[in-house]
Amino acid sequence: MRLGFAMPHLLRLKATCQPWEAAVTGADQTRLARWAEKLGYAMISVPEHHIIPKTHVDLSGPHHLSAYPTMAYLAGATEKIRVNSCIALLPLQHPAITAKALSSIDWMSSGRVSVTFGVGWLEEEFETLGVPFRERGAMSEEYIQAIIELWTKEEPEFEGKYVSFRDVVFEPKPFQKPHLPVWFGGDADAVLRRTARYASGWWPFLTRPEDIPAKISFIKSQPDYSGKLTDVFYGFATTRVGDGHVIQKDPRVRAGMTKQEIIDRLCWFKELGVTMSSVPIPSVSHLEEYFDYTQWVAEEIAPAIA
């Protein structure tokens with residue numbers, strides 16, 4: 001199992017955010033990205049919301065970055081570590097813009113980009129941006145097809161309800177071939193079917209750990225399964241966040257867990273089919289303590305679960 005790096009202050013969820021994170025700056029995150037690379041972490045992933053209605057600020061917080069610019073910055077600040085989204089909101093941006101942003105980052109970083117797409121859940125965000133919430137699934141299905149067409153065809157052409165193009169050119173293609181890794185985040189059957197068709201990775205959020213094997217089997221049992229699924233990311237503290245970012249208590253995840261407790265939980269994930277996880281941000285006093293903590297994880301936890 002590989003470990004992703006838990007970057008502080010990418011968002012401020014009430015369920016998971018530690019008080020000290022709010023003081024972490026972009027300059028601090030740059031230092032941390034280079035530190036994570038030095039320690040051998042596999043990936044930094046960026047969550048995304050474009051706008052938060054006031055009714056959701058208490059649980060979701062006001063602070064959310066845009067995934068693609070942040071991924072591009074982190075890739076440019078490092079040399080080896082991979083960047084990903086967790087998740088990027090697929091229906092909220094024209095697929096040609098999404099395809100271009102990601103292929104540009106992948107090209108400039110010499111192939112260090114993955115993307116985890118999601119269909120979104122916050123209806124008011126869609127309303128504010130003028131995107132039909134009830135059609136987000138159908139839009140996502142078309143958008144991923146159009147994106148892959150642009151990434152892989154010399155003469156891309158697509159005809160759909162939500163997007164159409166022909167007689168166009170699209171370069172640069174992604175550095176990775178046939179295209180950069182696509183993952184899908186979410187738990188609904190429709191997401192799992194889309195994962196089966198297009199993705200090499202799945203990132204669940206509301207699935208209980210013990211239900212992961214059945215969901216992986218569901219993905220692989222689809223008649224149009226592509227055979228590509230190689231990665232499943234399940235965060236150490238995923239069970240602390242419920243639908244709509246509500247706080248959930250899980251006695252198996254708590255502050256002050258011992259080294260062996262952390263290792264045992266991650267090894268359990270590995271037995272369930274998880275290939276990548278991350279150790280949650282702890283209740284340290286300040287940023288410099290977090291540098292020490294992430295070094296401890298890299299030196300004491302990572303070798304035990306490899």
Side-chain angles (χ1 to χ4, degrees), residues 1-10 13 15-18 20-21 24 29 31-47 74 78-84 86 112 114 116 181 183 185 200-205 207-217 229-241 248-306:
M1 177 186 282
R2 295 162 293 159
L3 286 179
F5 185 81
M7 179 68 75
H9 205 203
L10 290 179
L13 293 192
T16 59
C17 187
Q18 299 297 328
W20 64 272
E21 288 187 62
V24 173
Q29 291 168 331
R31 289 175 57 213
L32 282 166
R34 293 169 178 154
W35 179 243
E37 179 171 76
K38 180 179 179 180
L39 293 175
Y41 284 87
M43 186 171 72
I44 302 171
S45 299
V46 182
L74 293 172
T78 56
E79 295 181 352
K80 295 182 291 186
I81 197 168
R82 294 190 67 82
V83 295
N84 196 350
C86 63
R112 290 189 287 125
S114 299
T116 305
W183 298 6
S200 60
W202 172 50
W203 194 316
F205 292 98
T207 298
R208 298 180 305 172
E210 51 267 32
D211 294 332
I212 289 173
K215 300 256 185 173
I216 294 174
S217 295
L229 185 67
T230 56
D231 283 301
V232 176
F233 191 110
Y234 196 83
F236 193 92
T238 295
T239 50
R240 288 163 50 189
V241 184
Q248 293 189 153
K249 293 187 182 289
D250 185 347
R252 299 170 295 184
V253 183
R254 66 188 189 284
M257 293 178 70
T258 66
K259 170 184 170 179
Q260 194 58 50
E261 286 174 327
I262 295 171
I263 290 171
D264 288 347
R265 183 168 174 82
L266 291 173
C267 286
W268 177 47
F269 287 176
K270 188 175 181 179
E271 292 173 0
L272 297 173
V274 176
T275 63
M276 189 178 296
S277 187
S278 61
V279 177
I281 295 171
S283 300
V284 297
S285 300
H286 51 77
L287 178 62
E288 298 308 315
E289 283 188 28
Y290 189 57
F291 277 89
D292 294 338
Y293 180 80
T294 53
Q295 182 173 356
W296 175 77
V297 169
E299 294 176 351
E300 300 292 332
I301 304 297
I305 62 171

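What you see below is based on every heavy atom in this structure, not just the backbone, and it leaves out hydrogens, waters and symmetry mates.
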(request) Drop me the distance from His9's NE2 to Ile281's CD1, to the nearest 0.5 angstrom. (result) 10.5 Å
(message) Are more than 12 heavy atoms, taken from residues, nucleotides or ligands other than Gln295, located less than 6.0 Å from that residue's CD atom?
(response) yes
(message) Once rounded to the nearest 0.5 Å, what's the spacing between atom CD1 of Ile44 and atom CG of Leu32?
(response) 8.5 Å
(request) Specify the closest pair of heavy atoms between Val232 and Gly273, including all atoms of both residues, with the distance to one decimal. (result) CB-O, 3.7 Å
(request) Give the minimum heavy-atom separation between His286 and Trp20, together with the two atoms involved. (result) C-CE3, 4.3 Å
(message) Donor-acceptor check, side chain of Asp231 to backbone of Met276, threshold 3.5 angstrom: yes or no?
(response) no
(message) Determine whether Arg265 and Ser277 satisfy the following criterion, side-chain hydrogen bond (donor to acceptor under 3.5 Å, both in side chains), listing intermediate values before the conclusion.
(response) CA-CA 10 Å; Arg265 183 168 174 82; Ser277 187; over 6 Å; no
(request) Would you please classify the geometry between the Phe5 ring and the Tyr41 ring as parallel, tilted or perpendicular, with 30° and 60° separating the classes? (result) perpendicular
(message) For the backbone of Phe291 and the side chain of Trp35, can you confirm whether one donor and one acceptor N or O come within less than 3.5 Å of each other?
(response) yes
(request) To the nearest 0.5 Å, tell me how far Phe233 CZ sits from Thr275 OG1. (result) 9.0 Å
(message) In terms of relative ring orientation, are Phe269 and Tyr234 parallel, tilted or perpendicular, with 30° and 60° separating the classes?
(response) perpendicular
(message) Nearest 0.5 Å, please: how far is CE in Met7 from OG in Ser278?
(response) 12.0 Å
(request) Please report the shortest heavy-atom distance between Val279 and Ala6, naming the atom on each side. (result) O-CB, 3.6 Å
(request) Taking all heavy atoms of Phe205 and all of Thr238, pick out the closest pair and write down the distance. (result) O-CG2, 3.0 Å
(request) Over all heavy atoms of both residues, which pair between Arg112 and Glu79 is shortest? Give the atoms and the distance, please. (result) NE-O, 3.2 Å
(request) Give, for atom CG of Leu74 and atom CZ of Arg34, the distance between the pair rounded to the nearest 0.5 Å. (result) 10.0 Å
(request) For the pair Lys80 (side chain) and Lys38 (backbone), establish whether a donor and an acceptor sit closer than 3.5 Å, ignoring hydrogens and angles. (result) no
(request) Identify the heavy atoms of Gln29 and Pro8 that sit nearest to each other, and give their distance. (result) NE2-O, 2.8 Å
(request) Flag the pair Trp202 / Ile212 as yes when at least one side-chain heavy-atom distance between them is below 4.5 Å, and no otherwise. (result) yes
